[in-house]
Amino acid sequence: MDKITKAINDWLLQYDRIKEFAEIHTEELPDGAESLALQRSGVEVLPLPYIGDKGWYRQYQYILLLKNMSEDDSQRLDNLDWLDDLSDWIDEQKINRNYPKLENKQIKKVSCANGITYETDEEQNVSIYYLQLYFDIKGGN
């Protein structure tokens with residue numbers, strides 16, 4: 001796992017309800033239900049915020065996948081509520097500027113979007129839910 005992904009993973013583990021799943025896997029969801037995976041989905045170069053800034057500014061984009069039981073409407077709604085609660089937690093961290101800690105880099109902004117049902121198995125008893133995460137990171141001199 002790269003250093004940025006590990007820092008984000010460790011930061012997400014501060015969210016109490018993550019402990020319902022015990023760990024966040026990197027890139028791949030394991031078989032079975034009740035699991036999470038963090039996948040890097042892209043890196044976009046951003047303009048430096050101020051004229052005269054040195055170094056670089058990038059947005060690191062991730063997908064957090066939640067795999068959980070979805071046999072009935074109640075379970076599906078609970079899973080979407082879980083994503084909404086995580087989104088609220090991320091917003092609180094943004095307000096408090098509690099960001100993942102990086103060596104020689106600084107996270108300037110964190111946001112998330114699109115807490116949706118991504119995929120359901122053929123029997124419709126396990127679904128994968130999707131939340132996009134964005135981390136604007138400043139690095140260099």
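K138 has no carboxylate O lying under 4.0 Å from a charged side-chain N of D53, or vice versa, which leaves the two without a salt bridge.
With hydrogens and angles disregarded, no donor-acceptor distance shorter than 3.5 Å links the side chain of N9 to the backbone of T5. Between the K94 side chain and the S111 main chain, no donor and acceptor come within less than 3.5 Å of each other. Put simply, the side chain of S70 gets close to the backbone of S127: a donor and an acceptor are under 3.5 Å apart. Counting only distance, with no hydrogens or angles, the side chain of D73 and the backbone of L77 share no donor-acceptor pair below 3.5 Å.
Counting heavy atoms from C-beta on, the side chains of I4 and L102 come closer than 4.5 Å. Taking the side chain as every heavy atom from C-beta outward, D78 and N68 never approach each other to under 4.5 Å.
In the hydrophobic clustering of ILVMFWY residues, with side-chain heavy atoms under 4.5 Å counting as a link, F135 and I18 come out together. By the criterion of side-chain heavy atoms lying less than 4.5 angstrom apart, applied directly or through intervening Ile, Leu, Val, Met, Phe, Trp or Tyr residues, I8 is grouped together with V43 in one hydrophobic cluster. Linking Ile, Leu, Val, Met, Phe, Trp and Tyr residues whenever their side-chain heavy atoms come within less than 4.5 Å places L80 and L131 in a single cluster. Linking Ile, Leu, Val, Met, Phe, Trp and Tyr residues whenever their side-chain heavy atoms come within less than 4.5 Å places L83 and Y62 in a single cluster. Taking hydrophobic clusters as Ile, Leu, Val, Met, Phe, Trp and Tyr residues chained together by side-chain heavy-atom distances below 4.5 Å, I116 does not share a cluster with L38.
When all heavy atoms of E20 and R17 are compared, the closest pair comes out as OE2-NE, 2.9 Å. Taking each heavy atom of R40 and E27 in turn, the nearest pair found is N-OE2, 3.4 Å. The shortest non-hydrogen separation linking A113 to Y134 is CB-CE1, 4.1 Å. Contact record, P47 with Y57: O-CD2, 3.2 Å, taken as the closest heavy-atom pair.
The CD1 atom of I63 sits 11.5 Å away from atom CD1 of I128, with the distance rounded to the nearest 0.5 Å. Separation of atoms CG (D2) and NZ (K6) is listed at 11.0 Å; rounding is to 0.5 Å. Rounded to the nearest 0.5 Å, atoms CG (L133) and CG (N114) are 11.0 Å apart. With rounding to the nearest 0.5 Å, the separation of CG in L29 from CD1 in I24 is 11.5 Å. Atoms NZ and CZ, on K109 and R97 in that order, are 11.5 Å from each other to the nearest 0.5 Å. Rounding to the nearest 0.5 Å places CD of Q93 at 12.0 Å from CD1 of I107.
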*Taking it one step at a time, do V126 and M69 satisfy side-chain contact (heavy atoms from CB on, under 4.5 Å)?*
CA-CA 4 Å; V126 175; M69 299 304 295; 3.9 Å; yes
*Take T117 and N79 through the test side-chain contact (heavy atoms from CB on, under 4.5 Å) and record every step on the way to the result.*
CA-CA 9 Å; T117 305; N79 292 330; over 6 Å; no
*When you look at Q39 and L65, which way does the side-chain contact (heavy atoms from CB on, under 4.5 Å) test go after all the steps?*
CA-CA 8 Å; Q39 298 178 349; L65 298 171; 3.5 Å; yes
_Verdict with reasoning, Y129 to L36, per side-chain contact (heavy atoms from CB on, under 4.5 Å)_ = CA-CA 9 Å; Y129 301 85; L36 293 165; over 6 Å; no
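Evaluation of the salt bridge (charged side-chain N to carboxylate O under 4.0 Å, His left out) rule for D91 yields no partner, not counting sequence neighbours.
The 12-atom threshold is not exceeded at CD of E103, counting heavy atoms of other residues, nucleotides or ligands nearer than 6.0 Å. Atom NZ of K101 is surrounded by more than 12 heavy atoms from other residues, nucleotides or ligands within 6.0 Å.
Within the structure, the ring-ring contact (aromatic ring centres under 6.0 Å, His included) test picks out the following pairs touching residues 85-124 (sequence neighbours left out): W11-W89, Y15-W89, Y118-Y130.
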